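Please read these numbers as outputs of a predicted model, since none were measured by experiment. Note that ligands are numbered from 1 as they come in the structure, with each ligand's atoms numbered from 1 the same way.
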Amino acid sequence: MINQYKVLQIIRQIGNKINEHKDFLTELDNVIGDGDHGINMARGFAEVEKKFPTLEGKDIGTILKTVGMTLVSTVGGASGPLYGTAFMKAGAALTGKSEMDINDFLNVFQQAIEGVMQRGRSTTGEKTMLDAMVPAKEAIEKTLADTNDVKKAMEAGVAAAKEGVEYTKTIIAKKGRASYLGERSIGHQDPGATSFALILEVIASMV
Ligand code: ADP
Ligand code: MG
């Protein structure tokens with residue numbers, strides 16, 4: 001079980017991790033986009049950090065919804081509205097809750113994926129964050145069913161997200177700025193899939 005205090009700690013750590021990898025994410029976006037993904041994500045999570053004093057003691061739904069709204073309103077790029085929607089959808093599924101377990105997590109993960117798909121009019125195989133998110137969720141679900149071990153399940157999710165990042169190198173971008181490159185996007189990993197793998201890595205290390 002994860003309570004609302006732990007959720008806040010995890011969000012803070014996600015912000016730290018994004019900040020550590022800011023330049024790397026921006027370099028990746030330089031190659032197939034406009035070179036702002038790390039900057040966008042770091043700015044968004046810096047704004048989230050400013051909301052922390054108002055979030056102490058709030059339920060998980062409120063925390064995640066606030067994170068989502070902050071990302072939507074402070075990040076200019078595509079990733080702000082997309083990650084923002086993911087967090088808002090997750091928060092909506094946890095309204096009033098002060099604790100969550102792995103099944104709640106899988107449920108909100110699914111909501112987050114559907115939020116990105118709707119908002120982005122996108123699906124897997126288009127070289128986006130979804131190519132890390134969807135296989136990760138499936139791997140967590142499967143490993144949990146096989147082992148009933150939360151830690152192992154989350155580790156399998158991180159491994160699948162990283163494989164998803166590798167997979168994005170092999171395909172043509174169909175969505176976002178990278179799609180303007182067409183075939184020239186092949187050989188380069190997707191920045192959004194990469195940032196998602198980092199985010200999941202933080203979550204997995206803290207549960
Ligand atoms: P922008 O593309 O506006 O500069 P960012 O650089 O912050 O925004 O984010 C780019 C990332 O957003 C991409 O690497 C990709 O993972 C993700 N992305 C872009 N468009 C979509 C979409 N329609 N659906 C899902 N993810 C998308
Ligand atoms: Mg960009």
Sub-4.5 Å side-chain heavy-atom contact between Leu8 and Leu55: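 The answer is yes; the side chains approach within 4.5 Å.
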Total protein N/O/S atoms whose distance from the Mg ion (ligand 2) is less than 2.8 Å: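 Count of protein N, O, S atoms less than 2.8 Å from the Mg ion (ligand 2): 3.
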When you check the side-chain N and O atoms of [X] and [Y], is any donor under 3.5 Å from an acceptor?
X	Y	answer
Thr194	Gln189	yes
Gln9	Gln13	no
Ser195	Tyr83	yes
Thr66	Lys51	no

All pairs passing side-chain hydrogen bond (donor to acceptor under 3.5 Å, both in side chains) where residues 93-106 contributes a residue, at least two apart: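 Applying side-chain hydrogen bond (donor to acceptor under 3.5 Å, both in side chains) to every pair that reaches into residues 93-106, excluding sequence neighbours, yields Lys65-Thr95.
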Phe109 ring center within less than 6.0 Å of Phe196 ring center: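 Here the rings of Phe109 and Phe196 have centres that are less than 6.0 Å from each other.
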Criterion side chain to side chain contact (heavy atoms under 4.5 Å, CB included) against Gln4, the qualifying member of Ile63, Leu94, Asp59, Leu64: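 The option that passes is Ile63.
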Residue pairs fulfilling salt bridge (Lys or Arg N to Asp or Glu O under 4.0 Å) with at least one residue in residues 187-207, sequence neighbours excluded: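 Passing the test, one end in residues 187-207: Lys17-Glu201, Lys162-Glu201.
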Within the protein, residues bringing a heavy atom under 4.0 Å of ligand 1, chain by chain: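 Only Asp29, Asp34, Asp36, His37, Asn40, Gly77, Ala78, Ser79, Leu82, Val116, Gly120, Ser122, Thr128, Met129, Lys175, Gly176, Arg177, Asp190, Pro191, Gly192, Ala193 have heavy atoms that fall under 4.0 Å of ligand 1, ordered by chain and number.
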